Amino acid sequence: MGSSSNGDRPWQSYHTAYTNAKAGMDGVDKEKVQRVIYEMSKGSKYFESEKRKEAFLKQKIDNLQAQRAKLTDKDISHFQQICDKKVVDLEASRDLSKIWLHSDMDAFYAAVETLGNPALRGKPLAVGSLSMISTANYEARKFGVRAAMPGFIAQKLCPDLTFVPPNFEKYTYYSNLTRKVFQKYDPNFIAMGLDEAYLDITETCNNRGISREEFADELRHAVYEETGLTCSAGVAPNRLLAKVCSDINKPNGQFIVPNDRNAVLSFISSLPIRKIGGIGKVTEHVLRDVLGINTCEEMLQKGALLCAMFSQCSTDFFLSVGLGLGSTGPPQHTLRKSISTERTFSATEEESFLFEKLADVAETLSKDMQKECLCGRTLTLKLKTATFEVRNRAVSLQRYIHSKEDILNYASKLLKAELPLSLRLMGLRMSQFRDDNLDPMQKTLTNFFISGEDATKSLTCISKSSGLEISDKQITNNGYLDSSFGNGSCFSNDSCNVSYESDYSLSNLLVEHNNNDGFGVNSVDDALSVKSNPSKREKMKELINFSEGEAVHLSNQKVEPLWVDDYICALCGIQLPPSFTEERQEHSDYHLAEMLQKEESTKMTRHLMQPERLVERTKKTGEGSRKKQKLSPKEDKHIPIEAFFIKCKKSL
DNA sequence: GGGGGAAGGACCA
DNA sequence: TTCCTGGTCCTTCCCCC
Ligand SMILES: Nc1ncnc2c1ncn2[C@H]1C[C@H](O)[C@@H](COP(=O)(O)OP(=O)(O)OP(=O)(O)O)O1
Ligand SMILES: [Mg+2]
């Protein structure tokens with residue numbers, strides 16, 4: 001149905017993301033929900049904007065259909081050959097030796113809120129506000145209420161709905177509890193966002209001689225014991241499938257696909273493609289309307305057409321989905337690439353208001369950057385007009401900035417160029433962080449302490465450990481629709497997500513080294529470097545209780561009093577005068593959290609440094625990535641300690 | 001051709 | 001009355017070497 005404009009049932013053609021069936025939508029009267037959403041949305045600016053987008057998508061689909069119609073039999077048999085070859089290669093890469101478990105908390109935010117306030121139990125609950133909700137519990141889902149639905153519509157669907165504002169500290173706390181459990185079962189587990197994790201349970205299952213079912217049961221029990229929260233689990237030979245599985249018996253359930261090719265193929269055969277991570281609303285529509293693909297199995301059946309119409313990248317991903325392949329190797333530890341903040345407000349074109357708002361956003365961004373000692377050189381202003389049109393305007397600078405003043409200065413210039421304009425949102429994003437092309441040398445200071453390196457010694461060991469980074473990109477993973485036939489929509493994979501959780505599971509406390517261009521090494525350097533002031537370095541060593549050649553136990557460290565000269569953070573060099581009490585508290589908390597986190601994962605770090613791990617990762621890289629690898633400068637560079645404290649600069 | 005920057009978009013939780 | 005936030009990755013298009 002869909003795109004036809006039907007007169008008597010107009011709501012049927014209005015598809016918003018949350019009308020799609022995911023978990024917990026079983027007994028829902030879909031038509032009624034759809035109608036309410038339509039009635040509530042009709043005529044709004046948002047609605048008009050969605051209609052424009054749908055029209056655009058329809059155009060894209062039409063183009064693709066025309067393209068498809070042009071294919072001759074000869075073309076098709078040619079692409080069939082290409083496809084067959086790809087399938088053979090992909091099949092050869094199938095790895096059934098690993099057992100992966102994906103764990104996903106049930107209605108996570110809502111469940112945590114219920115834990116803190118048992119009076120909410122059993123009642124429909126949404127976390128969020130009247131304008132937007134983050135998630136809803138299963139009682140609310142029965143009414144059609146879902147994540148990413150505006151609260152006022154949810155309230156219409158479910159008049160008794162209780163709203164609770166989100167409280168991320170709480171969620172982080174409970175998330176950490178779950179991670180304590182995961183850690184026990186797989187010290188190398190991969191955390192994704194706050195409520196998800198992947199565990200490689202191959203060894204545990206084999207060593208203990210327990211089945212996948214038993215393991216999943218035990219793990220879910222352990223999580224419940226620790227947190228009082230339920231989760232669902234999926235077990236499969238790769239992460240992509242494990243994630244699909246964890247959704248099947250939600251909530252509080254589990255589903256297993258054995259490590260057997262036939263089992264995988266039969267599981268995948270009738271699976272709707274939308275269940276696959278990386279296939280969203282647009283891809284689903286395109287593949288259905290252009291090629292009639294609904295299930296994963298049909299990806300293979302229509303393989304020749306896919307090869308004919310989509311990019312290499314896309315087809316490799318699609319075909320691998322059809323074969324039930326996914327990442328099995330250890331993932332990449334990626335560093336944060338950008339940091340951003342944005343605010344929505346009621347639309348206005350009043351310039352004084354907009355510039356005030358921009359100053360707020362700049363201040364927030366600057367503070368967030370300081371918490372993590374980041375300095376960037378590309379600033380992007382994001383605008384959303386009253387009509388929901390989104391614009392980005394970027395500048396790349398010669399120098400790295402992080403201060404509110406600098407950010408606001410450049411952001412204002414970008415904004416001025418767009419005015420006059422009625423806006424409902426403004427955001428700022430910083431990227432291109434200092435040293436971001438020198439991964440191998442980037443290291444967390446905490447690792448530095450753990451490694452117990454002498455300040456004056458080379459950092460061979462550290463760079464080795466961070467040099468371990470590999471690409472987890474697999475052939476199967478990222479695909480884009482060939483732009484020559486409509487434009488690029490992107491597909492990603494189960495493993496690409498590895499990056500999000502790095503916020504939590506992996507340290508982001510970067511300590512950068514001199515990027516030897518003679519620039520950008522000033523501020524903190526001036527204050528701390530041996531050259532400019534040897535006594536400062538001594539002071540710092542004292543302060544951080546540095547013991548030469550011996551690992552320091554971080555939990556015994558006091559993080560609080562590390563302000564060199566009472567205004568420079570000894571850990572990262574950022575400068576915060578004593579009067580900035582709140583900022584300093586936050587900053588200290590940040591370091592403390594990092595250290596605790598790091599300390600917990602020390603074992604993992606060590607493990608990763610072992611050679612066999614290296615080999616495995618290298619192999620994996622070779623298998624998957626078709627994209628050119630950026631070679632990281634491999635070297636035994638000698639990095640002096642002061643270079644480690646060259647941090648965010650004040651650039652004033 | 002490819003690198004880097006800018007703009008836009010799909011997708012995820 | 002009313003439709004979020006913060007992140008990733010990837011495309012295309014452009015300029016430049
Ligand atoms: N669009 C969104 N914006 C902001 N936060 C979101 C959004 N979607 C999801 N979240 C948050 C809230 C969720 O509790 C959390 C985890 O997402 P997810 O696992 O998909 O749902 P859930 O854990 O609430 O329910 P369940 O997993 O049982 O379906 O991420
Ligand atoms: Mg969940």
Side-chain angles (χ1 to χ4, degrees), chain A residues 16-18 22 37 40-41 43-47 49-50 53 56-57 60 104-105 108-109 127-135 147-156 166 168 171 175 192-196 243 274 276-286 311 313-314 317 334-347 364-365 368 377-382 384 388-397 414 424-425 427-429 431-432 437 473 477-484 486-503 627-628 630:
Chain A
T16 35
Y18 37 77
K22 271 210 99 185
I37 292 171
M40 299 293 292
S41 306
S44 68
K45 296 257 173 59
Y46 178 80
F47 181 85
S49 158
E50 287 300 294
K53 282 190 211 158
F56 191 78
L57 178 58
K60 178 153 107 184
D104 190 326
M105 303 304 291
F108 184 54
Y109 296 178
V127 176
S129 68
L130 273 184
S131 63
M132 182 52 61
I133 66 188
S134 297
T135 196
M149 175 183 276
F152 68 90
I153 292 181
Q155 203 170 40
K156 192 82 174 184
F168 291 97
Y171 312 145
S175 178
M192 313 276 315
L194 288 176
D195 83 323
E196 287 177 50
K243 179 152 166 81
R274 184 60 194 273
I276 303 292
I279 297 186
K281 182 182 149 185
V282 171
T283 308
E284 179 191 32
H285 275 215
V286 168
S311 72
C313 232
S314 306
F317 172 62
T334 53
L335 298 162
R336 176 200 276 289
K337 297 200 169 55
S338 70
I339 186 167
S340 68
T341 180
E342 63 189 50
R343 286 298 150 235
T344 294
F345 41 85
S346 56
T364 305
L365 179 64
D368 288 350
R377 55 176 286 265
T378 297
L379 181 67
T380 306
L381 171 70
K382 173 177 170 178
K384 184 144 71 186
F388 288 86
E389 178 203 346
V390 175
R391 292 186 200 175
N392 292 292
R393 295 294 177 261
V395 261
S396 290
L397 311 168
L414 293 172
R424 68 180 342 270
L425 172 145
L428 289 170
R429 168 176 306 262
S431 51
Q432 299 263 40
N437 55 345
K473 298 277 116 53
N477 295 338
N478 299 299
Y480 282 75
L481 294 184
D482 188 335
S483 66
S484 48
N487 42 26
S489 45
C490 136
F491 311 104
S492 50
N493 62 337
D494 66 331
S495 66
C496 73
N497 308 335
V498 166
S499 16
Y500 315 162
E501 89 298 1
S502 57
D503 302 0
K627 230 192 106 183
K628 196 169 87 184
K630 203 178 247 170

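Letters go in sequence order (proteins before strands), and every chain restarts at 1. For clarity, every value in this text was computed on a predicted model and none was experimentally measured.
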#### Entry: Nearest-neighbour nucleotide for the Lys243(A) side chain, dC12(B), dA10(B), dG8(B) considered
dC12(B)
### Task
Establish, with yes or no, whether the OP1 or OP2 oxygen of dC11(B) is under 4.0 angstrom from a side-chain nitrogen or oxygen of Thr283(A).
yes
### Query
Are any of Ser340(A)'s side-chain N or O atoms less than 4.0 Å away from OP1 or OP2 of dG7(C)?
yes
### Query
Between Ser346(A) and dT2(C), is there a side-chain N or O to OP1/OP2 distance below 4.0 Å?
no
### Query
Picking from dG7(C), dG8(B), dG5(B), which would you name as closest to the side chain of Gln432(A)?
dG5(B)
### Task
For the pair Arg377(A) (side chain) and Leu397(A) (backbone), establish whether a donor and an acceptor sit closer than 3.5 Å, ignoring hydrogens and angles.
yes
#### Entry: Geometric class of the Tyr171(A)/Tyr109(A) ring pair [parallel <30°, tilted 30-60°, perpendicular >60°]
parallel
### Message
Tell me the interatomic distance from Leu335(A), atom CG, to dT8(C), atom P, rounded to whole angstroms.
### Response
10 Å
### Message
The test is side-chain contact (heavy atoms from CB on, under 4.5 Å); show your working for Val282(A) and Lys60(A) and say whether it passes.
### Response
CA-CA 10 Å; Val282(A) 171; Lys60(A) 178 153 107 184; 4.0 Å; yes
### Message
Working note: Arg343(A) + Thr341(A), criterion side-chain contact (heavy atoms from CB on, under 4.5 Å); need CA distance, chi angles, decisive distance, verdict.
### Response
CA-CA 7 Å; Arg343(A) 286 298 150 235; Thr341(A) 180; 3.6 Å; yes
### Message
To the closest 0.5 Å, what do you measure between OG (Ser431(A)) and CD1 (Ile339(A))?
### Response
11.0 Å
### Summary
Between Lys53(A) and Asp104(A), the residue closer to the 5' end of DNA chain B by nearest nucleotide is Lys53(A)
### Message
In whole Å, I'd like the distance from the CG atom of Asn392(A) to the C1' atom of dC13(C).
### Response
16 Å
#### Entry: Residues Met149(A), Ile37(A); criterion side-chain contact (heavy atoms from CB on, under 4.5 Å); working and verdict
CA-CA 9 Å; Met149(A) 175 183 276; Ile37(A) 292 171; 4.0 Å; yes
### Query
Does Lys384(A) put a side-chain nitrogen or oxygen below 4.0 Å from OP1 or OP2 of dC4(C)?
yes
### Query
So, is Arg393(A) close to the dG8(B) phosphate, meaning a side-chain N or O under 4.0 Å from OP1 or OP2?
yes
### Task
Could you check which of dT5(C), dA13(B), dG7(C) has an atom nearest any side-chain atom of Thr344(A)?
dT5(C)
### Task
Take atom CE of Met192(A) and atom C1' of dA13(B), then tell me their distance rounded to the nearest Å.
9 Å
### Query
Counting only side-chain N and O atoms of Lys281(A), is one of them less than 4.0 Å from OP1 or OP2 of dC12(B)?
no
#### Entry: Presence of Ser338(A) side-chain N/O under 4.0 Å of dT8(C) phosphate oxygens OP1/OP2
yes
### Task
Check every atom of dT5(C), dT2(C), dT8(C) against the side chain of Arg343(A) and return the nucleotide holding the closest atom.
dT5(C)
### Message
Tell me whether the side-chain N/O atoms of Lys337(A) come closer than 4.0 Å to OP1 or OP2 in dG7(C).
### Response
no
### Message
So, OP1 or OP2 of dG6(C): does either fall under 4.0 Å of a side-chain N or O from Thr341(A)?
### Response
yes
#### Entry: Separation of dT1(C) C1' from Gln155(A) CD (nearest whole Å)
13 Å
### Message
What I want to find out is whether Lys53(A) reaches Glu50(A) closely enough, with some N-O distance under 4.0 Å, to be called a salt bridge.
### Response
yes
## Note on the structure
From CD1 of Ile279(A) across to P of dC11(B) the rounded distance in Å is 9 Å
### Query
Given that Thr364(A) and Met40(A) both sit by DNA chain C, which one's nearest nucleotide is further toward the 5' end?
Met40(A)
#### Entry: Length of the CG-P vector between Leu57(A) and dG9(B), whole Å
12 Å
### Message
Partner lookup for dC12(B), please. Criteria are Watson-Crick or G-U wobble with both distances under 3.5 angstrom; report none if nothing qualifies.
### Response
dG6(C)
### Query
Between Thr380(A) and dA6(B), is there a side-chain N or O to OP1/OP2 distance below 4.0 Å?
no
### Query
According to a strict under-4.0 Å criterion, is Arg429(A) in side-chain N/O contact with OP1 or OP2 of dG6(C)?
no
### Query
Just checking Lys156(A): base, sugar-phosphate only, or nothing, at a heavy-atom cut-off of under 4.0 Å?
nothing
#### Entry: Candidates dT8(C), dT2(C), dA13(B) - which lies nearest the side chain of Arg336(A)
dT8(C)
### Task
Please report, rounded to the nearest Å, how far the P atom of dT2(C) is from the CG atom of Leu130(A).
13 Å
### Query
Think Arg377(A) has a side-chain N or O under 4.0 angstrom from the OP1 or OP2 of dG5(B)?
yes
### Message
In this structure, how many angstroms lie between the P atom of dC11(B) and the CZ atom of Phe317(A), rounded?
### Response
10 Å
### Task
Name the nucleic acid region contacted by Ile133(A), choosing base, sugar-phosphate or nothing; use a 4.0 angstrom heavy-atom cut-off, strictly under.
nothing
